[in-house]
Amino acid sequence: MNIQVIIPMIIFLGIIFFIGYWSSRKIGSSTGGFLQEYFLGGRELGGFVLAMTMVATYGSASSFLGGPGTAYTMGFGWVLLAMTQVVTGYFVLLILGKKFAILARRYNAITLIDFLKVRYNSTAVVLLSAISMIIFLFSAMTAQWVGGGRLIESLTGMKYTTALFIFAVSVLVYVVIGGFRAVAVTDAVQGGVMVIGTLVLLIAVIIAGGGVPNIMQDLLAENPNLVTPYGNEGNLSAAYVSSFWILVGVGVVGLPQMAVRAMSYKNTRSMHRALVIGTIVTGFIMLNMHLIGIFARPILPGIEVADTVIPLVALKILPAWLAGVVLAAPLAAIMSTVDSLLILVSSSIVKDVYMNYMNPHASEKTVKRLSFGVTTVLGSIVFLLALNPPDLLIFLNLFAFGGLEAAFIWPVVLGLYWSYGNKYGAIASMFTGIVSYIIIHFYNAAYGNLFGMHTVVVPVVLSLMAYIAFSLLIKKTKYVY
């Protein structure tokens, strides 16, 4: 265990815990009520914080460990594929934009499911939404827990189980006491750490590899496919790369953890500023972290667990203290994603299920205790699920992304912009999207990608057809916004 590496990480965690404590004081003094403050930060996010919380929430273990690890394995084909994510925040705020925030305030919606409940006036829509979130977000949270455990394991030499426990406790402390405001403000800090860490590590890797031309020559000598768009085995087809954009580009509008941020900003100026900042920062991080992954291959050949490439290369080429500072970036990315998912699933259980259908007149004291308790229990369950991790985190995370998008994209987008969309269309769309996604996922795992495209494409198309058909055929009604 290298103390020089550990000290910067401890300082970083100390800052995060302080923000959690500060946010808990804001909860106590909030005039908007506990629920709005704990689950939505009082709808007071400015442009910079909004941009960074979206970047940090989206930039996760996949972006800082799994993505570079896959680029290390597959080469420049995965770097090209990863760049489809640059427009993520832009699309979310552009498509949902002002209308979503205005309606969320009008409906007094604290969660995405609150919006769907008022828009469709359907218990089935609410319960399907809550079940979808819980199932798929558990997969996403497990990926983040595993990433955090592996990172601390790589840094300290501890056993994976011990490292995982330390990570889980660290996240739970500030999320449970600080709520959404703690999540958003720590995301802003963590986003800054991600940018600095990415830049320092990229420069160090290029220097260690003898410059970009030398690194490219080493990759060509090892396997010419590594520098093509088709992957190390030549199996990344144009259809797959193009369809992947549905998953990590347009489809991100359907991710509840992203959509909820589009109802939490302060004003239109904040949204416009976040559009610009978020797009630039996302592009910078996505390009350079994946380049680091493939550039590290000649420096550290033969890494068995590709997800560990970032901590291993940082420890090899940087002074110990600087490695500790740089590796705060992937830790920040993981923590910033997992805290957002925790607060989202907690809000689904407390607000969307318990308060809507079990105890609508629950006191604020009861809700407060339940919120803290549910968040803690959820974190503990995910810890248990993460004890036996998969080899590549990115595929667990992308499975969760696809499932959420297939379930939510059309009920959210068409619910905003198509007045003839109704509860029958929403139920049919969600059911069709979820079932077809799971079936095609297992089909692709056994027989290869259907039509050569990513799993999410067909379910998104089928769920769109189901939404339109059932909205018009069963009972054509016009919704007044």
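Keep in mind it's a predicted model, so treat the numbers as computed, not measured.
Other residues, nucleotides and ligands contribute over 12 non-hydrogen atoms within 6.0 Å of the CG atom of N359. Counted within 6.0 Å of NZ on K99, heavy atoms from surrounding residues, nucleotides or ligands total more than 12; the atom is thus considered enclosed. At most 12 non-hydrogen atoms from other residues, nucleotides or ligands lie less than 6.0 angstrom from CZ of F431. Shown here is Y230, whose OH atom has no more than 12 heavy atoms of other residues, nucleotides or ligands within 6.0 Å.
Atom OH of Y107 sits about 10.5 Å away from atom CG of L116, to the nearest 0.5 Å. Atoms CE and CG, from M355 and D114 in turn, are 9.0 Å apart once rounded to the nearest 0.5 Å. In this structure, NZ in K117 is found 11.0 Å from CG in L127, a value given to the nearest 0.5 Å. Y72 OH to L312 CG: the interatomic distance, rounded to the nearest 0.5 Å, is 9.0 Å. To the nearest 0.5 Å, atoms CZ (F442) and OH (Y437) are separated by 10.0 Å.
Cation-pi geometry between K476 and Y420 is met: under 6.0 angstrom from the ring centre, within 45 degrees of the axis.
Between F115 and F100, the distance separating the two ring centers is shorter than 6.0 angstrom.
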Given the rule in the side-chain contact (heavy atoms from CB on, under 4.5 Å) test, do F76 and L291 qualify, once you have shown the distances and angles that lead to the verdict?
-> CA-CA 8 Å; F76 276 92; L291 283 177; 3.6 Å; yes

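Using a 30° and 60° split on the angle between ring planes, F165 and F383 fall in the perpendicular class, above 60°.
Between T228 and N225, the closest heavy-atom pair is OG1-O, 2.9 Å.
Residues R297 and L226 form a side-chain contact, since some pair of their non-hydrogen atoms from C-beta on lies under 4.5 Å apart.
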